[in-house]
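Below you'll find the structure, written out as structure tokens, and then a few comments.
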Number of protein chains: 2
Amino acid sequence: MPKPEVDPTVSLQLSVDRSSPVPLYFQLSQQLEAAIEHGILTPGSLLGNEIELAGRLGLSRPTVRQAIQSLVDKGLLVRRRGVGTQVVHSQVKRPLELSSLYDDLEAAGQRPATQVLTNTFAPASAEVAAALGVSEGSQVHRVERLRLAHGEPMAYLCNFLPTGLLDLESSQLEATGLYRLMRAAGITLHSARQTIGARAATAVEGDRLGEPEGAPLLTMQRTTFDDTGRAVEYGTHTYRASRYSFEFQLLVRS
Amino acid sequence: MPKPEVDPTVSLQLSVDRSSPVPLYFQLSQQLEAAIEHGILTPGSLLGNEIELAGRLGLSRPTVRQAIQSLVDKGLLVRRRGVGTQVVHSQVKRPLELSSLYDDLEAAGQRPATQVLTNTFAPASAEVAAALGVSEGSQVHRVERLRLAHGEPMAYLCNFLPTGLLDLESSQLEATGLYRLMRAAGITLHSARQTIGARAATAVEGDRLGEPEGAPLLTMQRTTFDDTGRAVEYGTHTYRASRYSFEFQLLVRS
DNA sequence: GTCAATGGTTTGTCCGGACAATCGGACTGC
DNA sequence: GCAGTCCGATTGTCCGGACAAACCATTGAC
């Protein structure tokens with residue numbers, strides 16, 4: 001017997017607080033996730049079987065399964081019938097959240113800043129009306145912003161929102177991202193439809209971003225929906241390709 | 001009483017086959033998904049409570065919940081405690097699968113074709129070695145392809161694979177996509193890390209794709225991992241921005 | 001020596017029940 | 001008329017158990 005092959009979770013000091021309002025499965029999944037994050041549960045290592053783990057924690061197997069399943073859905077664990085559950089080897093960072101450019105830059109330590117160029121109402125063009133599901137020519141909120149990082153222009157953001165959803169003040173828009181403001185207003189973001197492409201900069205676009213005419217620009221159009229299916233935002237963004245690229249992780253839905 | 005407000009699932013002829021090896025929850029979720037897809041369950045309509053649905057189908061509530069939960073994860077349904085489960089309004093198409101360009105084009109009816117330019121072994125560059133987790137200079141499989149749609153060049157694909165994973169024949173590569181070949185070889189794709197950017201075409205790149213020098217190109221680098229965390233593929237792709245853009249739907253992980 | 005049968009281990013599926021948390025509407029009091 | 005309160009409805013969480021299916025290693029047969 002060359003290896004004792006002990007269950008790594010026994011030395012993990014897992015514990016749950018039944019008096020807490022936090023669901024038990026969630027407490028467990030958070031502790032497991034933290035252990036994976038900190039390298040205490042090493043990639044590839046088996047997680048002792050569910051029955052025994054449940055017994056050790058004083059939980060039922062369904063509860064333990066729910067905790068493990070949530071981490072499987074996040075891509076951190078892999079289960080194999082007849083084998084067990086093991087920690088995925090690769091480093092999964094973020095499975096592509098619906099994130100704002102502002103948060104992305106902030107997380108990367110890029111000190112984002114925003115210049116609000118326009119913050120007004122305008123009649124909806126055919127394109128905007130189709131995206132937001134309103135009638136052409138009806139009033140919509142229009143916000144144009146320039147996003148800077150380290151004082152350098154990174155992207156030009158043009159967003160349209162249905163009227164009456166929330167009040168947008170320029171001062172707020174310069175302090176944080178649009179999504180954070182929408183969530184704070186009680187809107188639960190649900191899904192988004194995105195298109196990413198590229199094109200050559202026109203003279204006007206180049207001037208705005210500090211690029212020469214004809215320079216390659218990354219473009220993104222995005223329509224965001226809340227959980228009732230309402231379109232709550234449509235945006236047309238252009239990024240300096242020399243300074244920005246989209247990076248994300250995605251999981252195979254099995 | 002202006003509206004009877006009947007449970008729309010009663011007229012849905014839901015049924016499960018207990019003798020089938022297909023899990024019961026999966027049978028149910030597929031039938032519900034099909035009903036949503038075909039518009040039989042209209043967006044916004046309530047889904048009748050779980051207890052009653054379970055009783056009507058002769059299933060237990062956990063089984064019904066599992067079926068519903070899988071559709072919630074797909075973004076097709078939304079649950080609200082105290083209210084019920086309702087069909088999401090927006091049209092969710094695909095929540096960004098790990099798909100190959102070949103399948104995408106085929107699904108869009110674009111009659112994809114592939115020209116294999118290179119199919120050989122080569123020593124790994126530093127970039128490739130880092131992505132695949134092999135030592136620099138070791139032999140890796142190298143495949144260069146030109147992807148056409150309607151006879152027009154769409155993208156130039158350069159892929160690297162660890163040796164010994166699978167045999168790639170040029171004839172197979174011209175008939176289908178790389179991912180389909182990998183799955184057929186028993187490799188279970190798990191996750192991928194992608195970077196999407198843009199740059200101006202060099203003279204060589206322009207020639208390959210039929211674009212002038214300096215034309216904007218969409219670029220993508222992707223490293224794909226299997227469920228053991230092994231990197232199984234690294235690719236550097238360039239797309240004609242005038243002909244192609246990335247389009248996808250993404251969900252908020254709640 | 002190689003291949004097939006066997007058995008133990010582990011996850012997958014399913015059941016029936018219980019109580020808590022939350023939502024929305026109806027009712028009540030002011 | 002309006003605000004606060006109560007209550008039914010529905011999902012969220014959790015339990016304990018049972019059997020099936022798949023995987024792996026060992027054993028046995030040829």
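Sequence lines set the chain letters: A, B, ... in the order given, protein chains first and strands last, and positions in each chain run from 1.
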To the nearest angstrom, how far is A/L53 atom CG from C/dT10 atom P?
12 Å
Ignoring hydrogens and angles, does a donor from either the side chain of B/R61 or the base of D/dT13 sit under 3.5 Å from an acceptor on the other?
yes
Is the ring pair B/F248/A/F248 parallel, tilted or perpendicular, if the boundaries are 30 and 60 degrees?
tilted
B/L59 has an atom CG; how far is it from atom C1' of C/dT13, in whole Å?
12 Å
Would you mind reading off the distance between A/Q86 atom CD and D/dC24 atom C1', rounded to a whole angstrom?
13 Å
Which part of the nucleic acid, if any, lies within contact of B/P23, taking any heavy atom under 4.0 Å across all strands shown: a base, the sugar-phosphate backbone alone, or nothing?
sugar-phosphate
Contact nearer the 5' end of DNA chain C, comparing B/S60 with A/P21:
B/S60
Rounded to whole Å, CD1 of B/I68 lies from C1' of D/dT10 at a distance of 11 Å
Among D/dT11, D/dT13, C/dG16, which nucleotide has an atom closest to any side-chain atom of A/Q66?
D/dT13
Does OP1 or OP2 of C/dC15 have a side-chain N or O of B/R18 closer than 4.0 Å?
yes
Counting side-chain heavy atoms from C-beta on, which of C/dG16, C/dT11, D/dT11 comes nearest to B/P62?
C/dG16
Over all atoms of both residues, closest heavy-atom pair of A/V116 and A/L173
CG2-CB, 3.8 Å
Return the minimal non-hydrogen interatomic distance between B/T163 and B/H141, and the atom names on each side.
CG2-N, 4.2 Å
Indicate whether OP1 or OP2 belonging to D/dT10 is found under 4.0 Å from a side-chain N or O atom of B/R79.
no
Atom CG of A/L46 and atom C1' of D/dC23 are separated, to the nearest Å, by 12 Å
Looking only at the side chain of A/E50 (C-beta and beyond, no hydrogens), which of the listed nucleotides D/dT13, D/dG12, C/dG12 gets closest?
C/dG12
Using whole Å, what does the distance between atom C1' of nucleotide D/dG17 and atom CZ of A/R65 come to?
14 Å
Between C1' on C/dC14 and CG on B/L28, what's the gap in Å once rounded to a whole number?
13 Å
Work out which heavy atom in B/E233 is nearest to a heavy atom in B/P162; give both atom names and the distance.
N-CD, 4.5 Å
Using a 3.5 Å distance criterion without hydrogens, assess whether the side chain of A/Q194 forms a donor-acceptor pair with backbone atoms of A/M220.
no
Measure from the side-chain heavy atoms of A/R81 and tell me the nearest of C/dG12, C/dG24, D/dC14.
C/dG12
A/T63 side-chain proximity, nearest of D/dA22, C/dT13, D/dC14:
D/dC14
Tell me whether the side-chain N/O atoms of B/T85 come closer than 4.0 Å to OP1 or OP2 in D/dT10.
no
From CD of A/Q69 over to P of C/dT10, roughly how many Å is that when rounded to an integer?
19 Å
Could you report the tightest heavy-atom contact between A/T176 and A/R180, atom names first, then the distance?
OG1-CD, 3.4 Å
Is there a side-chain polar atom (N or O) of B/Y25 under 4.0 Å from OP1 or OP2 of C/dC14?
no
Classify B/R80 by what it touches in the nucleic acid, base, sugar-phosphate, or nothing, heavy-atom distance under 4.0 Å.
sugar-phosphate
